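The structure appears below as structure tokens.
Whatever order the structure lists ligands and atoms in, that order sets their numbers, starting from 1. Just so we're clear, the structure is a prediction, and the values are computed from it rather than from any experiment. Atom set for the values below is all heavy atoms of this structure, side chains included, hydrogens, waters and symmetry mates excluded.
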Amino acid sequence: NKGNYEHYMQKEIHEQPESLKTTMRGRLIRGGSCKAKTVLLGGLKDHFKTIRRSRRIVFIGCGTSYNAALAARPILEELSGVPVTMEIASDLLDRQGPIYREDTAVFVSQSGETADTLQALEYALENGALCVGITNTVGSAIARHTHCGVHINAGVEIGVASTKAYTSQIVVMAMLALAIGGDTISSQTRREAIIDGLFDLPNKVREVLNLDQEMKDLAKLLIAEQSLLVFGRGYNYATALEGALKVKEVALMHSEGMLAGEMKHGPLALVDENLPIIVIATRDSCFSKQQSVIQQLHARKGRVIVMCSKGDAVSVCPGGLGRVIEVPHVEDCLQPVINVVPLQLLAYHLTVLRGYNVDQPRNLAKSVTTQ
Ligand code: UD1
Ligand code: BG6
């Protein structure tokens, strides 16, 4: 049931304040004056010790689910101190990459049925790793075959392009980072800021959804483009990949997400006055580096669209050069949840304006159960 919406993708983008709430329901504890704020993940509580002691955590997934894991990687590394590596499921299988008994392998999949991810799970089980599932589908193959896991509880997702599952996956992995991270005095302020940020996240997502019309206007400007680049780094490298994936898969427009730190090692050659480039430059420890990326693009007459934190339009676009998308500021590790929303809206409007099928893009399926 699409309710008042024209398409499922549109409905699912707009219901993210509610889906994030259900993802967090019963799992975040605010605590009284003497009780610390904590996270409860019932499906993992008997396994935290093993996860903390593992030699590394390996995230395994495909498509959007892989991108969600990539977005959560920095905070998991920071809070757990355990090295976190990333694997695209098919690539792990192609290489028969090493997986050890001392590893925790985390399988991220909205459907819980993706053949590549499922095969990688069988492979990790054979190699003796602790296998953890993060899925939206109770009773799915990944939920059944993993040793333990977390259901993201985002509600059924019908649009082939994943939107609300992505943001809920990131939130679950941020909660996982809080749950396995040591509760030391030095990390207490940071942990509390993240928990407060999680509580407030649905409100901030509601706020960023107000950019709907602005993103429709931007889509009108970009409707006939051949290509769109998205540059991100740090917490928002994943946002660049995911934004570009959305544009590619539904709007059928060539789009690439790129690590901004790699710009001068190749992509800079593409820059001219025609190719649109979205640069994600919201406030975090990478901000000044992104400012210099923007300067370099302007120096080459690049067609730059900057996503920045509210109030930063002047700092990112001196002299009013280029367009800006201003988004609410949240704790750095949660910023990817906010920043992806305007890109989801852009992909949605581009698709409708270009006259393509939003909910069932050409050649794609919601869950690919064959290899
Ligand atoms: C569970 C109940 C929820 C109830 C809550 C009350 C289910 C599905 N969930 O939620 O209805 O409100 O207790 O405390 O009955 N699992 C895997 N692999 C996965 C995902 C999950 O093995 O990929 C396992 C978990 O380890 C756990 C079980 O499935 O044993 C349920 O997981 P989850 O729904 O996340 O647990 P709770 O949030 O505790
Ligand atoms: C692809 C879908 O086939 O599978 C993507 O087109 C999706 O949108 C990917 O992200 C992974 O799916 P899942 O269900 O494993 O998260």
Exercise for the section: Take atom 2 (C) of ligand 1 and look for protein heavy atoms under 4.0 Å from it; say yes if you find one, no if not. Expected result: no
Fill in the blank from the handout: Candidates C131, A143, A141, G26; heavy atom nearest atom 19 (C) of ligand 1 found on A143
Handout entry: Closest approach of any protein heavy atom to atom 18 (N) of ligand 1, naming residue and atom
Key = T146 OG1, 2.8 Å
Exercise for the section: Please indicate whether Q360 has more than 12 foreign heavy atoms, meaning atoms of other residues, nucleotides or ligands, lying under 6.0 Å from its CD. Expected result: no
Fill in the blank from the handout: The atoms of ligand 1 lying under 4.0 Å from a heavy atom of C148, numbered in the order shown, are 16 (N), 17 (C), 18 (N), 22 (O), 26 (O)
Fill in the blank from the handout: Ranked by distance from atom 24 (C) of ligand 1, the top protein heavy atom is G149 N, 4.0 Å
Handout entry: Distance-only polar pair, side chains of T64 and K246, donor-acceptor under 3.5 Å
Key = yes
Exercise for the section: Could you note down all residue pairs passing ring pair (Phe, Tyr, Trp, His ring centres under 6.0 Å) where residues 327-366 supplies at least one of them, sequence neighbours left out? Expected result: H7-Y348
Practice task
Output the list of atoms in ligand 1 that are nearer than 4.0 Å to some heavy atom of G42, sorted by atom number.
Solution key: 39 (O)
Exercise for the section: Could you please provide the protein residues found below 4.0 Å of ligand 2 on a heavy-atom basis, arranged by chain and number? Expected result: C62, G63, T64, S65, S109, Q110, S111, T114, V160, E249, A365, V368
Practice task
Give a yes/no verdict on whether any heavy atom in R27 is under 4.0 Å from an atom of ligand 1.
Solution key: yes
Exercise for the section: Output yes when R190 and D332 qualify as a salt bridge under the 4.0 Å nitrogen-oxygen rule, no when they do not. Expected result: yes
Fill in the blank from the handout: For G43, the atoms of ligand 1 under 4.0 Å from one of its heavy atoms are 25 (C), 26 (O), 27 (C), 36 (O), 39 (O)
Exercise for the section: Tell me, please, whether F59 has R73 positioned over its six-membered ring: NZ or CZ under 6.0 Å from the ring centre and within 45 degrees of its axis? Expected result: no
Problem - Within 6.0 Å of CZ in R95, more than 12 heavy atoms from elsewhere - result: yes
Practice task
Verify the contact flag for atom 16 (N) of ligand 1, where contact means a protein heavy atom under 4.0 Å away.
Solution key: yes
Fill in the blank from the handout: Under 4.0 Å from one or more heavy atoms of T135, ligand 1 contributes atoms 23 (O)
Practice task
Looking only at protein heavy atoms, identify the closest one to atom 28 (C) of ligand 1 and say how far it is in Å.
Solution key: H151 CE1, 4.3 Å
